[in-house]
There are 2 protein chains.
Amino acid sequence: MIRIVIAEDQHMLRGAFASLLQLEEDFEIISQVSGGHEALSMIEACKPDICLLDIEMPGLTGLEVAQTVRDRGWNCKIMIVTTFARPGYLQKAMNAAVDAYLLKDEPIEFLVEAIRRVMQGKRVVSPYLADSLFTHEANPLTEREQEVLRMVSEGGTTRHIAEHLYLTTGTVRNYLSSAIQKLEVETRHHAIEKARDRGWI
Amino acid sequence: MIRIVIAEDQHMLRGAFASLLQLEEDFEIISQVSGGHEALSMIEACKPDICLLDIEMPGLTGLEVAQTVRDRGWNCKIMIVTTFARPGYLQKAMNAAVDAYLLKDEPIEFLVEAIRRVMQGKRVVSPYLADSLFTHEANPLTEREQEVLRMVSEGGTTRHIAEHLYLTTGTVRNYLSSAIQKLEVETRHHAIEKARDRGWI
DNA sequence: CCTTGGGCATGACAGGTGTCATACTATGCT
DNA sequence: AGCATAGTATGACACCTGTCATGCCCAAGG
């Protein structure tokens with residue numbers, strides 16, 4: 001019997017997964033949760049064979065849950081199931097040594113098959129993403145550029161950041177300008193988006 | 001037999017819906033599609049009793065499909081199934097006289113039950129949204145403010161808009177400033193977001 | 001040793017953005 | 001008619017944003 005925990009915040013999809021997987025004779029859904037913290041509790045309490053994790057959930061993200069499970073050395077297969085094909089997410093998932101990274105755009109049969117493969121000790125990645133596993137571009141941003149970009153993305157104003165880093169506002173703008181050019185975009189906001197997407201901040 | 005077409009771009013969810021609804025003895029899934037245009041073709045060709053529509057899909061949105069079905073006077077129940085609780089979307093759906101507006105955050109059983117209710121001629125709206133059906137705030141934006149906001153949202157620069165409307169750039173900025181204040185936000189971009197959300201542009 | 005290149009830091013500059021005071025018009029109320 | 005209100009339109013102002021030229025420092029290589 002393969003014992004499974006499902007963590008997914010969209011209720012309808014979570015329920016659908018549970019019902020469908022339950023139909024497989026050797027699958028047992030032992031718990032369904034809607035957030036990262038509950039997922040961790042359940043994994044600790046129930047020791048499932050497999051945990052399906054969405055990435056964007058309230059509380060902890062699926063990637064954070066995966067990392068924590070690995071850090072604590074728990075013996076549970078981790079499968080990320082997400083909408084997002086972002087290289088940055090995939091990279092983080094790989095760093096956390098997840099057993100599968102599937103897109104919700106795959107057919108549902110793919111999920112069932114992937115679960116069986118993972119139980120055989122194999123790793124599964126959505127075919128669509130297989131390429132980007134190899135083509136990880138290096139981060140072109142310097143330490144300072146990343147720092148400033150991060151702070152802007154957290155809502156800091158130019159002035160606020162300058163004070164916090166003991167710089168003039170002109171210098172902060174300069175880092176942003178530099179980052180904007182390296183990322184080949186027009187505004188700081190687009191720069192943040194792109195850097196996030198690639199996992200560079 | 002209730003004949004159903006499903007239009008939903010996320011493959012896994014679409015497949016899950018199909019499999020689960022198929023389990024009901026009196027439901028028949030006659031077609032699954034992933035975009036608005038295909039949905040319209042299928043509705044025309046197969047004359048289903050019910051069509052489940054996602055809103056954000058490639059090609060036509062679910063709301064546009066709903067409106068078209070009504071305009072052409074086709075006799076098909078329309079059920080919107082979406083992630084988004086935006087008042088603007090709900091409003092447009094109501095204007096198109098859809099038979100149901102459900103959030104993907106509802107339990108899956110809710111969908112099955114809703115389908116039966118709709119077949120009995122009832123209308124179904126997610127409980128969470130029931131309130132906002134009555135509390136539709138009036139649009140505080142003037143004609144000009146809406147126009148300028150729309151043009152900015154389509155990527156027009158201040159200068160471009162000014163030329164197009166035969167105004168000075170100062171005047172255009174003034175409308176934006178006014179809209180920004182009415183919407184109680186900080187930037188034109190947030191103003192666009194909020195106005196979109198409420199269906200005011 | 002000197003040169004080169006890259007990161008760090010600054011301030012000047014041009015242009016964009018939001019606010020404000022102001023003015024004109026039309027509408028509706030007294 | 002007199003008045004208040006709301007929409008339209010303008011330009012002045014202060015501030016923000018992105019770019020650029022410049023200089024400093026340090027490490028790698030000739």
Side-chain angles (χ1 to χ4, degrees), chain A residues 87-88 91 135-201, chain B residues 87-88 91 135-201:
Chain A
Q91 199 56 52
T135 62
H136 38 14
E137 303 168 74
N139 187 342
L141 304 175
T142 67
E143 196 62 38
R144 274 301 209 211
E145 285 158 2
Q146 292 173 47
E147 194 171 11
V148 170
L149 219 44
R150 244 189 320 264
M151 292 181 77
V152 173
S153 79
E154 285 158 10
T157 65
T158 304
R159 177 168 306 283
H160 183 266
I161 294 168
E163 282 167 11
H164 194 265
L165 298 179
Y166 305 104
L167 296 174
T168 64
T169 57
T171 304
V172 172
R173 285 212 305 285
N174 194 40
Y175 286 132
L176 287 171
S177 176
S178 165
I180 286 166
Q181 285 179 22
K182 284 179 180 174
L183 299 177
E184 297 172 302
V185 292
E186 298 285 314
T187 68
R188 52 182 72 194
H189 301 294
H190 289 152
I192 290 167
E193 273 180 41
K194 187 156 181 178
R196 275 263 170 72
D197 183 57
R198 307 298 164 91
W200 288 338
I201 54 173
Chain B
Q91 200 55 50
T135 62
H136 38 16
E137 303 168 74
N139 187 342
L141 303 175
T142 67
E143 196 61 38
R144 274 302 209 210
E145 286 158 1
Q146 291 173 48
E147 195 171 8
V148 170
L149 219 45
R150 241 187 324 260
M151 293 180 76
V152 173
S153 80
E154 284 157 10
T157 65
T158 305
R159 176 167 307 282
H160 183 267
I161 295 168
E163 283 167 11
H164 193 267
L165 298 180
Y166 305 104
L167 296 174
T168 63
T169 57
T171 306
V172 172
R173 285 213 305 284
N174 193 42
Y175 286 132
L176 287 170
S177 176
S178 165
I180 287 166
Q181 284 178 26
K182 285 179 179 175
L183 298 177
E184 298 173 302
V185 292
E186 296 286 314
T187 68
R188 53 182 70 194
H189 302 293
H190 289 150
I192 289 167
E193 273 180 42
K194 188 157 180 178
R196 275 265 170 71
D197 183 57
R198 307 297 164 93
W200 288 338
I201 55 173

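Residue numbering restarts at 1 for every chain, and letters A, B, ... go by the order of the sequence lines.
With a 4.5 Å cut-off on side-chain heavy atoms, B:Trp200 and B:Leu149 do not count as touching.
In this structure, B:Glu143 has no side chain to side chain contact (heavy atoms under 4.5 Å, CB included) partners at least two apart in sequence or on a different chain. Listed by chain and residue number, nothing satisfies the side chain to side chain donor-acceptor pair (under 3.5 Å) test with A:Glu184 (two or more places apart in sequence, or in another chain). Residues meeting the side chain to side chain donor-acceptor pair (under 3.5 Å) test with A:Thr171, sequence neighbours left out: A:Thr168. Applying the side chain to side chain donor-acceptor pair (under 3.5 Å) test to A:Glu154 and every residue at least two apart in sequence or in another chain returns nothing. With sequence neighbours excluded, the residues forming a side chain to side chain donor-acceptor pair (under 3.5 Å) with A:Arg196 are A:Ser153, listed by chain and number.
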Atom pairs under 3.5 Å, N or O on each side, protein against nucleotides 24-26 of chain D: can you list them with distances?
none

Could you list all N or O pairs between the protein and nucleotides 18-20 of chain C that sit under 3.5 Å apart?
from   : atom 1 : to       : atom 2 : distance (Å)
C:dG18 : OP1    : B:Arg188 : N      : 3.1
C:dG18 : OP2    : B:Arg188 : NE     : 2.6
C:dG18 : OP2    : B:Arg188 : NH2    : 2.8
C:dG18 : N7     : B:Arg173 : NE     : 2.9
C:dG18 : O6     : B:Arg173 : NE     : 3.3
C:dG18 : O6     : B:Arg173 : NH2    : 2.7
C:dT19 : OP2    : B:Ser177 : OG     : 2.8
C:dC20 : N4     : B:Asn174 : OD1    : 2.9

Could you tabulate the donor-acceptor pairs under 3.5 Å formed by side-chain atoms of residues 155-162 of chain B, not counting sequence neighbours?
from     : atom 1 : to       : atom 2 : distance (Å)
B:Thr157 : OG1    : B:His160 : N      : 3.0
B:Thr158 : OG1    : B:Arg188 : NH1    : 3.1

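Residues of residues 152-165 of chain A having a heavy atom closer than 4.0 Å to DNA chain D, listed by number: A:Thr158, A:Arg159. Residues from residues 191-201 of chain A placing a heavy atom under 4.0 Å of any atom in DNA chain C do not occur.
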For this session: Summarise how protein sits on nucleotides 23-28 of chain C as a single string, 5' to 3': B when a protein heavy atom is under 4.0 Å from the base, S for sugar-phosphate-only contact, - for no contact.
Result: ------
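The overall bend of the helix from C:dC1-D:dG30 to C:dT30-D:dA1, read as the angle between its terminal helix axes built from five base pairs each, is 0° when rounded to 10 degrees.
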